[in-house]
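All remarks here apply to the structure that follows.
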Amino acid sequence: MWIADHWKDYEVIDTSAGEKLERWGNYLLVRPDPQVIWNTPKKNKGWHKHNGHYHRSNKGGGQWEFFNLPKQWTIGYNNLVFNLKPFSFKHTGLFPEQAVNWDWFSDKIRNAGRPVKVLNLFAYTGGATLAALDAGAHVTHVDASKGMVTWAKENAVSSGLADRPVRWLVDDCVKFVEREIRRGNQYDGIIMDPPSYGRGPKGETWKIEESIFPFVELCAQILSDDPLFFLINSYTTGLQPAVLSYMMNTAIVPKFGGKVEAEEIGLPVSSNGLVLPCGASGRWSK
């Protein structure tokens, strides 16, 4: 498992009965987590003295309960600064486990010894975009949600990266890649974090099990002649590391060589030394 264990401003303190107790900077949150199927005594005082608790509804969804939590605050990771705010479906605007991938491709970019163009698809609030910019890449950031792209821009400003070479695009990722193929544009690195299900800005539907492999094949067409890396992340239970590995070995390796690795990613739990699984990632590199 690849573990995001370099955080100072974030930690998973404890897990029990379908929930995790987390520290986000100076604030404690309790949020549901489907991986936490065990039930252990909630001894840490944070379980009872937290700043926010997302209560899941039996009917689906849920709602937040707040205790002296600001509407927005920031945490940092190395040189990066993220604006956090709890919103509807339990999220805060950041997936901390992705830091293990940020570190991996940042090293690739810094050690390339040449200009590197990176495409970040389903780019959300821009964690991977900021990491790639900080490492020195030129980045194209694409997400179908205007609100998420605005949030990513705010994170770039907070991180002192607003003047770096980046394109912020509100677009359907599949249609964008199809247009890039026609335009002949190419990228040295591609990052994608596709949702299990989603809709584009014009109602385009995305179901990951049906759409992901054809999309990886499309994206392989816009890799440069000497590409650096390709990263796929998935929170969908059916897309195990082996599935991610098979897809990349089928769509990318025959043309470009290189190697594929795929693993679960996770976060350390500080109270007991265990690791909370948080999806899977597949990595191709030369």
**Asked** Would a hydrophobic clustering, with Ile, Leu, Val, Met, Phe, Trp and Tyr connected at side-chain separations under 4.5 Å, put Trp24 with Leu267?
**Response** yes
**Message:** Tell me every residue that passes salt bridge (charged side-chain N to carboxylate O under 4.0 Å, His left out) with Arg167, counting only those two or more places apart in sequence or in another chain.
**Reply:** Glu180
**Message:** Could you work out, with ring pair (Phe, Tyr, Trp, His ring centres under 6.0 Å) as the rule, every residue matching Trp64, not counting sequence neighbours?
**Reply:** Tyr54, Phe66
**Message:** How close do Trp7 and Ala99 get, counting heavy atoms only, and between which atoms?
**Reply:** NE1-CB, 3.5 Å
**Message:** Give me the atom names and distance for the closest heavy-atom approach of Pro34 to Lys90.
**Reply:** CD-NZ, 4.0 Å
**Prompt:** Are Val166 and Val157 connected, step by step, through hydrophobic side chains (Ile, Leu, Val, Met, Phe, Trp, Tyr) whose heavy atoms are closer than 4.5 Å?
**Reply:** no
**Message:** List the residues meeting salt bridge (charged side-chain N to carboxylate O under 4.0 Å, His left out) with Lys175, not counting sequence neighbours, and say none if there are none.
**Reply:** Glu204
**Fill in**
Across all chains, not counting sequence neighbours, the salt bridge (charged side-chain N to carboxylate O under 4.0 Å, His left out) partners of Arg110 are Asp134
**Prompt:** Any side-chain heavy-atom pair from Asp9 and Asn26 closer than 4.5 angstrom?
**Reply:** no
**Message:** Can you confirm whether Ile222 sits close enough to Ile190 that some side-chain heavy atom of one is under 4.5 Å from a side-chain heavy atom of the other?
**Reply:** yes
**Request:** Check whether any side-chain heavy atom of Leu218 lies under 4.5 Å from a side-chain heavy atom of Ile181, and answer yes or no.
**Result:** yes
**Message:** Any heavy-atom pair between the side chains of Ile191 and Leu121 that's under 4.5 Å?
**Reply:** no
**Asked** Do the non-hydrogen side-chain atoms of His50 and Leu29 ever get within less than 4.5 Å of each other?
**Response** no
**Lys/Arg N to Asp/Glu carboxylate O, Arg283 vs Glu261, below 4.0 Å** = no
**Item:** Close side-chain approach of Thr125 and Asn155, heavy atoms under 4.5 Å
**Value:** yes
Donor-acceptor contacts under 3.5 Å from residues 13-21 side chains, at least two apart:
residue : atom : partner : partner atom : Å
Asp14   : OD1  : Ser271  : OG           : 3.1
Asp14   : OD2  : Trp47   : NE1          : 3.0
Thr15   : OG1  : Trp38   : NE1          : 3.0
Ser16   : OG   : Thr40   : N            : 3.0
Ser16   : OG   : Thr40   : O            : 2.6
Glu19   : OE1  : Lys42   : NZ           : 3.0
Glu19   : OE2  : His53   : NE2          : 2.7
Lys20   : NZ   : Asp33   : OD2          : 3.1

**Asked** Is NZ or CZ of Lys117 both nearer than 6.0 Å to the six-membered ring centre of Tyr187 and within 45° of the ring axis?
**Response** yes
**Message:** Under the salt bridge (charged side-chain N to carboxylate O under 4.0 Å, His left out) definition, can you give me all pairs with a residue in residues 214-227, not counting sequence neighbours?
**Reply:** Arg114-Asp226, Asp226-Lys286
**Request:** Would you please name every residue forming a ring pair (Phe, Tyr, Trp, His ring centres under 6.0 Å) with Phe82, sequence neighbours left out?
**Result:** Trp102
**Fill in**
residues 233-257 vs ring pair (Phe, Tyr, Trp, His ring centres under 6.0 Å), sequence neighbours excluded, gives Phe95-Tyr235
**Message:** Can you confirm whether Phe122 sits close enough to Pro195 that some side-chain heavy atom of one is under 4.5 Å from a side-chain heavy atom of the other?
**Reply:** yes
Validation: residues 146-154 side-chain donor-acceptor distances under 3.5 Å, sequence neighbours left out:
residue : atom : partner : partner atom : Å
Thr150  : OG1  : Lys146  : O            : 3.0
Trp151  : NE1  : Asn83   : O            : 2.8

**Prompt:** Strictly by modelled atom types, are Ser245 and Asn249 linked by a side-chain donor-acceptor pair under 3.5 Å?
**Reply:** yes
**Message:** Tell me every residue that passes side chain to side chain donor-acceptor pair (under 3.5 Å) with Arg179, counting only those two or more places apart in sequence or in another chain.
**Reply:** Asp171
**Asked** What pairs with Arg31 under salt bridge (charged side-chain N to carboxylate O under 4.0 Å, His left out), at least two apart in sequence or on another chain?
**Response** Glu22
**Prompt:** Which residues, ordered by chain and number, are linked to Leu274 in its hydrophobic cluster, where ILVMFWY side chains connect at heavy-atom gaps below 4.5 Å, directly or through other members?
**Reply:** none
